[in-house]
Amino acid sequence: MSMMTGKDYIDSLRALSPEIYFLGKRIKSVVDEPMFQPHIHAAAMTYELAHDPEHQEIMAATSHVTGEKINRFTHVHQSIDDLVKKVRMMRLMGQKTATCFQRCVGLDGLCAVYATTYDIDQKYGTTYHERFKNYLREVQKHDWMPSGAMTDSRGDRSLRPSKQVHPDVYLHIKERLEDGIIVTGAKTHITGAINSHEIITMPTRTMAEEDKDYALSFAIPADTKGVTYVFSRQTNDTRRLDGTLDAGNPKYGIVGGEAMIIFNDVFVPWERVFMAGEYDFTTELVETFAGYHRSNYGGCKVGLADVVIGGSAWIAETHGIGRVSHIVDKLTEMIAMAETCWSCTLACSYEGYKTPSGAYHINPLLANVVKLNITRMVYEWMRIAQDIAGGKIITLPSEKDLAHPEVGKMVEECFYGKDGIAPMDIIRMLRLIENMSVGAGLPEAMHGAGSPAAQKIMISRRSGIDKKMELAKRIAGLSPDTDFERIIGKSEKAHWDQVRRNMQEKKVQIY
Ligand code: SF4
């Protein structure tokens with residue numbers, strides 16, 4: 001099987017038995033746990049749309065390692081066209097789910113480890129890349145969803161990993177054996193962790209020589225012995241147990257269903273280890289992954305913006321103010337911001353380049369600009385969505401009151417808008433806007449794929465400020481302008497001497 005449907009994916013999770021805890025209880029079946037279902041449905045959409053003839057061109061790809069048709073979420077980009085199709089896929093998926101569909105983190109992990117293992121082998125003569133290609137074949141063959149586990153809990157951030165009082169705040173190698181390694185530590189807020197088939201780990205930061213045991217990347221099945229998950233809470237999460245109305249997006253949920261992954265003396269066979277001590281390649285791996293993932297945000301979040309803009313416009317229409325000038329102006333603002341982010345992410349893909357491994361990478365400077373814009377503009381377009389929707393989005397009665405035999409009908413009638421629109425439909429749309437604009441989606445836009453400070457560091461490092469100073473010096477006349485000298489056919493000095501002489505002669509003539 002190389003491409004699962006959404007239903008196949010959900011069924012495939014039944015074959016795994018990860019150790020998961022949530023709200024103080026051990027969860028026996030991921031698929032049957034009502035709190036997890038929206039996240040599973042959102043991830044299932046990444047499978048289902050690959051079978052839809054209308055979307056196949058962007059949702060599916062041809063594997064460069066097997067020649068088989070595969071889901072694009074398992075494809076290592078082989079061209080600029082692949083990079084562009086990836087962000088188109090992100091926007092489409094955002095439009096279809098209005099939330100985080102999770103599978104991109106593993107995809108970016110696959111692409112980043114692919115390029116980095118190639119470079120490690122070039123320097124050290126290791127065989128990581130071949131190992132990784134074998135792993136990639138398996139991922140593509142089974143259409144697995146790996147979670148991308150990068151962020152460690154990091155303890156005292158002023159100290160290097162090897163200097164921490166509690167060594168397990170960074171995932172690390174505890175023991176090297178003949179047939180593999182024993183690892184221990186934890187990764188935190190990992191998107192889609194509990195409903196993934198596999199885990200791919202990557203270091204969270206640049207490592208130095210003394211941190212060799214922390215310079216680590218590997219992949220293991222999600223239910224490997226010694227791996228424990230603790231699922232995070234989200235805003236209003238238990239509303240999904242109350243019915244279909246109050247949750248706002250009951251089918252697909254809100255953000256990515258993050259979890260902690262705790263590794264307690266976990267054995268990883270060598271064939272699944274892709275970095276084990278090559279600390280001098282940790283920067284490359286971290287930055288390559290971060291670049292891919294930051295560029296995604298101009299796709300997925302813009303897909304979400306399409307939904308919330310549509311919802312806001314519909315609410316305004318149903319209240320009879322759809323054509324009022326300040327509403328049109330606000331909707332236009334939202335659209336312009338969303339399309340600005342989209343333009344950034346397209347540019348970042350079109351400005352991509354081929355790495356020595358043959359895989360294509362996005363433009364890292366522009367990827368960081370994409371994500372920095374997202375950390376601001378998502379808040380801004382969601383603020384406008386709240387403005388248009390009105391105070392109702394935070395004062396709506398519950399589904400239970402609307403269904404109450406005594407008051408239900410009276411409450412519902414308070415929500416009449418334009419004649420012919422069912423009040424329950426208005427309430428449903430307001431709940432969706434509440435879900436998207438009030439909850440966990442906002443801090444997720446801020447911190448997912450790295451916080452704004454991380455993007456600013458990368459933008460500052462890659463902006464070429466020295467080159468910009470040279471440009472300014474040339475225009476200000478502090479350094480030679482050879483183009484100008486060619487245009488005028490003489491040296492700048494000779495030119496300005498001549499100009500001065502002409503001016504003086506003119507002065508004599510005039511006065
Ligand atoms: Fe994918 Fe966006 Fe979710 Fe990241 S935030 S995993 S890019 S959908």
Side-chain angles (χ1 to χ4, degrees), residues 38-47 49 58-59 71-75 77 83 85-112 145-151 187-196 198-200 202 232 234 249 252-259 288-308 338 341-342 344-346 348-349 362 367-368 370-375 377-379 382 435-436 439-452 454-455:
H39 307 297
I40 294 173
H41 296 153
M45 190 69 84
T46 68
Y47 287 89
L49 292 192
I58 59 166
M59 294 296 300
N71 190 301
R72 189 173 292 281
F73 278 96
T74 66
H75 181 55
H77 320 298
L83 293 173
K85 282 182 175 150
K86 182 192 76 163
V87 290
R88 290 194 189 285
M89 172 171 81
M90 302 290 162
R91 186 166 183 173
L92 172 68
M93 286 295 313
Q95 292 169 341
K96 292 281 188 180
T97 61
T99 187
C100 169
F101 34 92
Q102 311 140 44
R103 207 175 168 191
C104 347
V105 195
L107 165 63
D108 296 333
L110 291 174
C111 293
M145 169 172 159
S147 63
M150 175 171 267
T151 311
K187 294 285 185 181
T188 53
H189 32 86
I190 305 305
T191 299
I194 51 104
N195 50 301
S196 291
E198 292 268 320
I199 308 167
I200 299 177
M202 291 161 280
S232 311
Q234 297 170 340
N249 186 356
Y252 306 115
I254 177 170
V255 299
E258 282 70 23
T288 307
F289 172 83
Y292 281 130
H293 206 64
R294 288 172 192 167
S295 77
N296 295 349
Y297 273 59
C300 70
K301 301 299 180 206
V302 172
L304 267 63
D306 292 331
V307 174
V308 85
C341 293
W342 177 238
C344 279
T345 205
L346 279 180
C348 159
S349 302
I362 46 71
N368 282 279
V370 170
K371 177 66 207 326
L372 190 61
N373 273 335
I374 287 290
T375 64
M377 290 193 186
V378 170
Y379 281 81
M382 291 302 183
N435 173 281
M436 295 181 73
L442 294 179
E444 197 283 330
M446 170 83 79
H447 294 294
S451 308
Q455 283 112 59

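Along the sequence shown, residues are numbered consecutively beginning with 1. Each ligand, and each atom within it, is numbered from 1 in the order the structure gives.
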Practice task
Measure the SG-CG distance between Cys111 and Leu83 for me, rounded to the nearest 0.5 Å.
Solution key: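 One gets 8.5 Å once the value is rounded to the nearest 0.5 Å.
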Practice task
Enter the distance from Thr97:OG1 to Leu304:CG here, rounded to the nearest 0.5 Å.
Solution key: 6.5 Å
Exercise for the section: Quickly, which of Glu258, His39, Glu444 forms a side chain to side chain donor-acceptor pair (under 3.5 Å) with Thr191? Name it, please. Expected result: Glu258
Exercise for the section: Give the numbers and elements of all ligand 1 atoms closer than 4.0 Å to a heavy atom of Val105. Expected result: 6 (S)
Practice task
Let me know which of Met145, Lys86, Met93 forms a side chain to side chain contact (heavy atoms under 4.5 Å, CB included) with Phe73.
Solution key: Met93
Exercise for the section: Report yes or no: does Glu444 have a heavy atom closer than 4.0 Å to ligand 1? Expected result: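 Right, Glu444 reaches ligand 1.
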Completion exercise
Of all heavy-atom pairs linking Ala449 and Lys371, the shortest is CB-CD, 4.4 Å
Exercise for the section: Can you see which heavy atom on Ile200 is nearest to which on Leu110, and at what distance? Expected result: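 Residues Ile200 and Leu110, closest heavy atoms: CD1-CD2, 3.4 Å.
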Problem - Aromatic ring pairing Phe289/His293, orientation class (parallel under 30°, perpendicular over 60°, tilted between) - result: parallel
Problem - Count of N, O or S atoms belonging to protein, less than 2.8 Å from atom 2 (Fe) of ligand 1 - result: 1
